[in-house]
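Working notes, beginning with the structure itself.
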Amino acid sequence: PNPKYGKDLVLCHNDLLVKNIVYNDKNQTISFIDFEYTHLNYALFDIANHFVEYAGVENADFSIYPSYDEQKKWLKTYFHTRQLDQQIIDDDSCRLIDKFSALVYLTWGLAALVQAKISPIDFDYVNYAKMRFNCYQNLRSLLFENA
């Protein structure tokens, strides 16, 4: 397997929402913070998680998820920056990202239910879990396609 294609296990952040991405305007650099979920995962799962997190947390708007054209533009920049083969950026890559997105929604829905039981933070985790599970349900059929 070749991790440069994003389909193999690599070290991933697994929580790339906007608040965990810091842009330094002076140096024009990007840094990541908040590494408690960092672990081996599929690179395209991490990318799917990033796309899903476009929705935000408070007043989440899951309609902001990027189109295939937007995904391809993002992937082109990402692959170019990492000096990876850009030939695999196609609709199949986007469909795979969509499949990972279904799993992202499921993962964060389950995590929200756990937080509803253990977190001292005043946040409606149960409603947030319901929103995530609803998004998972909308994409769930993608996981069982033959392609």
Side-chain angles (χ1 to χ4, degrees), residues 1-23 29-119 121 123-147:
N2 193 339
K4 72 181 183 179
Y5 293 111
K7 297 178 183 178
D8 298 314
L9 293 175
V10 296
L11 186 64
C12 291
H13 187 279
N14 293 311
D15 194 19
L16 287 176
L17 57 117
V18 71
K19 291 182 179 182
N20 291 338
I21 303 170
V22 179
Y23 178 70
T29 58
I30 296 174
S31 301
F32 303 121
I33 61 171
D34 196 11
F35 291 94
E36 77 253 25
Y37 296 112
T38 300
H39 205 284
L40 289 179
N41 205 341
Y42 296 94
L44 291 181
F45 179 96
D46 215 18
I47 291 168
N49 184 77
H50 177 65
F51 290 162
V52 164
E53 295 300 341
Y54 282 15
V57 176
E58 303 284 335
N59 303 312
D61 180 0
F62 294 109
S63 69
I64 298 173
Y65 186 85
S67 68
Y68 279 10
D69 286 341
E70 292 166 329
Q71 287 182 36
K72 289 175 192 175
K73 288 177 188 174
W74 192 97
L75 289 170
K76 185 175 180 180
T77 300
Y78 175 81
F79 278 52
H80 174 76
T81 301
R82 297 205 49 220
Q83 299 177 340
L84 303 175
D85 181 6
Q86 295 183 33
Q87 292 178 335
I88 65 157
I89 300 172
D90 56 17
D91 284 355
D92 289 338
S93 297
C94 294
R95 276 190 288 280
L96 186 55
I97 289 170
D98 286 348
K99 288 180 180 189
F100 278 123
S101 292
L103 296 174
V104 167
Y105 287 124
L106 180 61
T107 298
W108 288 118
L110 293 169
L113 290 180
V114 170
Q115 290 300 317
K117 276 296 202 189
I118 66 171
S119 178
I121 297 171
F123 181 78
D124 188 355
Y125 286 107
V126 173
N127 188 48
Y128 188 72
K130 287 178 184 176
M131 287 189 307
R132 293 292 183 141
F133 289 142
N134 185 44
C135 292
Y136 165 72
Q137 281 296 113
N138 291 336
L139 294 176
R140 183 175 171 255
S141 63
L142 295 176
L143 297 174
F144 302 103
E145 291 178 342
N146 291 333

Under 30°, 30 to 60°, or over 60°: which ring-plane class applies to Y78 and W74, parallel, tilted or perpendicular?
parallel
Can you classify the ring geometry of F62 versus Y105 as parallel (below 30°), tilted (30 to 60°) or perpendicular (above 60°)?
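Judged by the thresholds at 30° and 60°, the geometry between F62 and Y105 is perpendicular.
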With distance as the sole criterion, is a donor-acceptor pair present between the side chains of S63 and D61 under 3.5 Å?
yes
Would you say the side chains of R132 and Y136 form a donor-acceptor pair under 3.5 Å?
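The answer is no; no qualifying pair exists.
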For [X] and [Y], work out which heavy atoms get closest and say how close.
| X | Y | value |
| --- | --- | --- |
| P66 | F51 | CG-CG, 3.5 Å |
| Y23 | I30 | CD1-CG1, 3.8 Å |
| Y125 | A112 | CB-O, 3.3 Å |

Is the shortest side-chain heavy-atom distance between [X] and [Y] below 4.5 Å?
| X | Y | value |
| --- | --- | --- |
| Q71 | D98 | yes |
| D34 | D15 | yes |
| E53 | L16 | no |
| L40 | C12 | no |
| V114 | L110 | no |
| H13 | F35 | yes |
| I97 | L75 | yes |
| N20 | F32 | no |

Could you give the distance from [atom1] ([X]) to [atom2] ([Y]), rounded to the nearest 0.5 Å?
| X | Y | atom1 | atom2 | value |
| --- | --- | --- | --- | --- |
| E70 | I64 | CD | CD1 | 10.5 Å |
| S93 | Y68 | OG | OH | 10.0 Å |
| K99 | S141 | NZ | OG | 10.0 Å |
| R140 | L142 | CZ | CG | 11.5 Å |
| Y42 | L96 | OH | CG | 10.0 Å |
| L103 | N49 | CG | CG | 11.0 Å |

Does any N or O in the side chain of D46 come within less than 3.5 Å of the main-chain N or O of N14, such that one atom is a donor and the other an acceptor?
yes
Any chance the rings of Y65 and Y54 have centres within less than 6.0 Å?
no
Taking NZ, NE, NH1 and NH2 as the nitrogens, is one of them in K72 or D91 under 4.0 Å from a carboxylate oxygen of the other?
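A salt bridge links K72 with D91.
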